[in-house]
Participant: 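Below: one structure in structure tokens.
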Protein chains: 2
Amino acid sequence: MTTTDGQLQEPAFRLPLTRQRVLVAAVRIADEEGLKALTMRRVASDLDVEAMSLYHHVDNKEALLDGICEVLVEEIIAEVGDADPPSDPDAWQAAMRDMIMTARRVMLAHPWAPSVFETRKSIGFSIIRYFERLLAVMRAGGFSYDLAHHAMHALGSRAIGFSGELFQPDDGQTDDESMAMLEGMRDQIPHMVTMLSGALHTDEAGQTIGFCDDQTEFEFGVDLLLDGLDRRRREQPDT
Amino acid sequence: MTTTDGQLQEPAFRLPLTRQRVLVAAVRIADEEGLKALTMRRVASDLDVEAMSLYHHVDNKEALLDGICEVLVEEIIAEVGDADPPSDPDAWQAAMRDMIMTARRVMLAHPWAPSVFETRKSIGFSIIRYFERLLAVMRAGGFSYDLAHHAMHALGSRAIGFSGELFQPDDGQTDDESMAMLEGMRDQIPHMVTMLSGALHTDEAGQTIGFCDDQTEFEFGVDLLLDGLDRRRREQPDT
DNA sequence: ACCTGAACACCGTTCAAGT
DNA sequence: ACCTGAACACCGTTCAAGT
């Protein structure tokens with residue numbers, strides 16, 4: 001496929017653009033280059049196409065962001081599988097925990113996910129299907145619809161595997177630098193400084209490895225919620 | 001202060017620009033016109049100044065957003081007051097609940113707050129001071145520093161009054177329209193449709209008034225967490 | 001030191017035109 | 001129906017110049 005002078009030719013038939021190809025390209029760019037790199041122009045150039053061509057397959061940029069969330073939730077659903085909920089009513093908690101931790105595993109592979117999900121205005125159909133499965137597990141555990149509804153709100157973003165915490169890890173300065181700065185404020189925030197100096201983990205070589213273990217804290221929060229829900233489940237009037 | 005031809009003159013001395021004036025203007029614009037209206041140019045014109053002048057008082061737009069979060073947290077701290085934590089160890093839960101609900105009341109007056117807080121990379125000093133007070137309450141309740149640390153992660157954004165839920169209320173379509181759409185998918189998501197049709201509240205006149213009561217769900221989630229924390233507090237080994 | 005005007009390097013998106 | 005090129009209406013920010 002070269003001309004006589006050795007120049008590469010364009011292929012005669014190009015793969016037609018589809019919504020799915022657009023979304024897959026967008027996910028790849030967000031994964032590899034970060035959310036800031038995800039522009040309409042960047043997605044287009046990745047597909048060897050002009051930016052304006054994307055608008056035939058996606059309404060606008062918001063719709064593109066909705067779309068990549070759908071792709072990610074489909075990935076979660078595939079990982080979770082479609083086994084029936086456990087028949088033992090007391091097995092609901094472990095089953096739900098497994099689903100959430102699976103979702104988290106997928107989410108962690110897509111660092112852009114939390115901030116994009118948090119800005120979605122409407123809920124896509126794939127996430128409704130994911131929640132349907134959570135709901136099926138709770139119903140098999142004897143939850144009333146009302147309690148299950150509360151449960152979903154209480155779990156919030158944790159239900160799909162991210163934490164809803166306030167701040168991302170700040171990789172601007174080292175933990176030692178942070179700690180030194182905090183020490184200087186001990187008179188103003190004594191409890192805070194004491195707590196954090198105790199929480200600063202060190203490895204065998206004495207190197208500091210961070211204040212918080214994200215996975216541990218995530219599991220602590222999920223278990224706190226699931227334990228509380230289990231207690232309320234058992235307090236329900238029999239129906 | 002008019003010329004002979006009746007034209008208004010500029011005042012001879014203008015109020016000097018300060019960081020505080022910039023931030024207060026930014027908060028007002030975000031409150032009244034929404035986050036999308038909050039541009040450097042808009043803030044500048046509100047202060048009768050060129051956009052570039054802002055950069056003498058604020059590093060860049062991110063710093064401006066950091067700044068308006070600080071302003072808001074200062075407002076929360078002022079509302080919360082600085083009373084000592086209760087001396088009765090069992091009073092921690094009510095005290096903490098009050099702080100959180102106060103924070104929420106302030107937050108609800110600033111609709112931009114959740115999305116701006118969620119995008120902050122680093123934690124400002126005012127929010128550290130707020131957490132210091134939460135921590136003081138927990139310590140007075142007998143929490144170990146370790147448990148208090150877990151508690152803060154578990155509460156996450158709820159600690160300062162917003163929910164960390166996945167989706168904002170969708171005011172695009174009416175609840176009746178949503179319900180009709182859902183009914184059409186009953187074969188695919190049976191539990192979901194049953195749950196939501198039961199959750200659709202109606203007022204005395206039979207008008208639908210929404211699926212979810214945000215305040216109720218927020219309190220349910222906070223209480224679930226606080227109850228769970230209280231149980232873990234009592235399970236702590238005596239030290 | 002503080003403020004300005006013009007310009008730069010981007011965005012998402014519209015539009016009229018091509019095939 | 002699908003894709004294109006140029007243009008529009010914005011952004012945040014840099015820079016050299018004013019006072």
Participant: Please evaluate residues Arg186(B) and Thr194(B) with respect to the criterion side-chain contact (heavy atoms from CB on, under 4.5 Å), reporting the C-alpha separation (whole Å), side-chain torsions for both, the decisive distance (0.1 Å), and the verdict.
Facilitator: CA-CA 8 Å; Arg186(B) 190 182 276 278; Thr194(B) 304; 3.2 Å; yes
Participant: How is the base pairing of DNA chain C summarised as a dot-bracket string, given the Watson-Crick and G-U wobble criteria with both distances under 3.5 Å, [ ] for crossing and | for another strand?
Facilitator: ||.|||||...|||||.||
Participant: If I take atom CD in residue Glu62(A) and atom C1' in nucleotide dT13(C), what distance separates them, rounded to the nearest angstrom?
Facilitator: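 Nearest whole value for this atom pair: 13 Å.
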Participant: Take the protein atom CD of Glu50(B) and the nucleotide atom P of dA16(D), then report the distance between them rounded to whole Å.
Facilitator: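 These atoms are roughly 19 Å apart.
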Participant: Charged N to carboxylate O below 4.0 Å: is that the case for Glu50(B) and Arg41(B)?
Facilitator: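 Salt bridge absent between Glu50(B) and Arg41(B).
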Participant: Could you tell me whether the side chain of Val22(A) reaches within less than 4.5 Å of the side chain of Leu17(A), counting heavy atoms only?
Facilitator: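 Yes; the side chains approach each other to less than 4.5 Å.
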Participant: Rounded to whole Å, how long is the line connecting atom NE2 of His56(B) with atom P of dC3(C)?
Facilitator: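 Value for this atom pair: 7 Å.
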Participant: Over how many whole Å does the gap from Met52(B) atom CE to dC8(C) atom P extend?
Facilitator: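 In whole Å, dC8(C) P and Met52(B) CE are 14 Å from each other.
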Participant: Would you call Glu33(B)-Arg42(B) a salt bridge at under 4.0 Å N-O?
Facilitator: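 Judged by the 4.0 Å cut-off on N to carboxylate O distance, Glu33(B) and Arg42(B) do form a salt bridge.
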Participant: Hydrogens and angles aside, do Glu75(A) and His110(A) bring a side-chain donor and acceptor to less than 3.5 Å of each other?
Facilitator: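 Short answer, yes.
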Participant: Do Arg129(A) and Glu74(A) meet the salt-bridge criterion of a basic N to acidic O distance under 4.0 Å?
Facilitator: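 Salt bridge: yes.
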Participant: Would one find a side-chain N or O of Ser53(A) under 4.0 angstrom from OP1 or OP2 of dT4(D)?
Facilitator: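 Yes, within the criterion.
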Participant: Consider the side chain of Leu17(A), meaning its heavy atoms from C-beta on, and name the nucleotide among dC3(D), dC15(D), dT14(C) that approaches it most closely.
Facilitator: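 Nearest to the side-chain atoms of Leu17(A), counting from C-beta on, is dC3(D).
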Participant: So, Glu70(B) versus Ser126(B): side-chain donor-acceptor pair below 3.5 Å or not?
Facilitator: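 Ser126(B) and Glu70(B) do have a side-chain donor-acceptor pair below 3.5 Å.
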Participant: Cation-pi check, Arg104(A) to Phe162(A): give yes when NZ or CZ is under 6.0 Å from the six-membered ring centre and within 45° of the ring axis, no otherwise.
Facilitator: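 Ring-cation test returns no.
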Participant: Identify, between Asp59(B) and His57(A), the residue whose nearest nucleotide on DNA chain D lies closer to the 5' end.
Facilitator: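 Here His57(A) is the residue nearer the 5' end.
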Participant: Detail all sub-3.5 Å separations between protein N/O atoms and N/O atoms belonging to nucleotides 10-12 of chain D.
Facilitator:
residue, atom, partner, partner atom, Å
dG12(D), OP1, Lys61(B), NZ, 2.9
dG12(D), OP2, Met40(B), N, 3.2
dG12(D), N7, Arg41(B), NH1, 2.6
dG12(D), O6, Arg41(B), NH2, 3.0

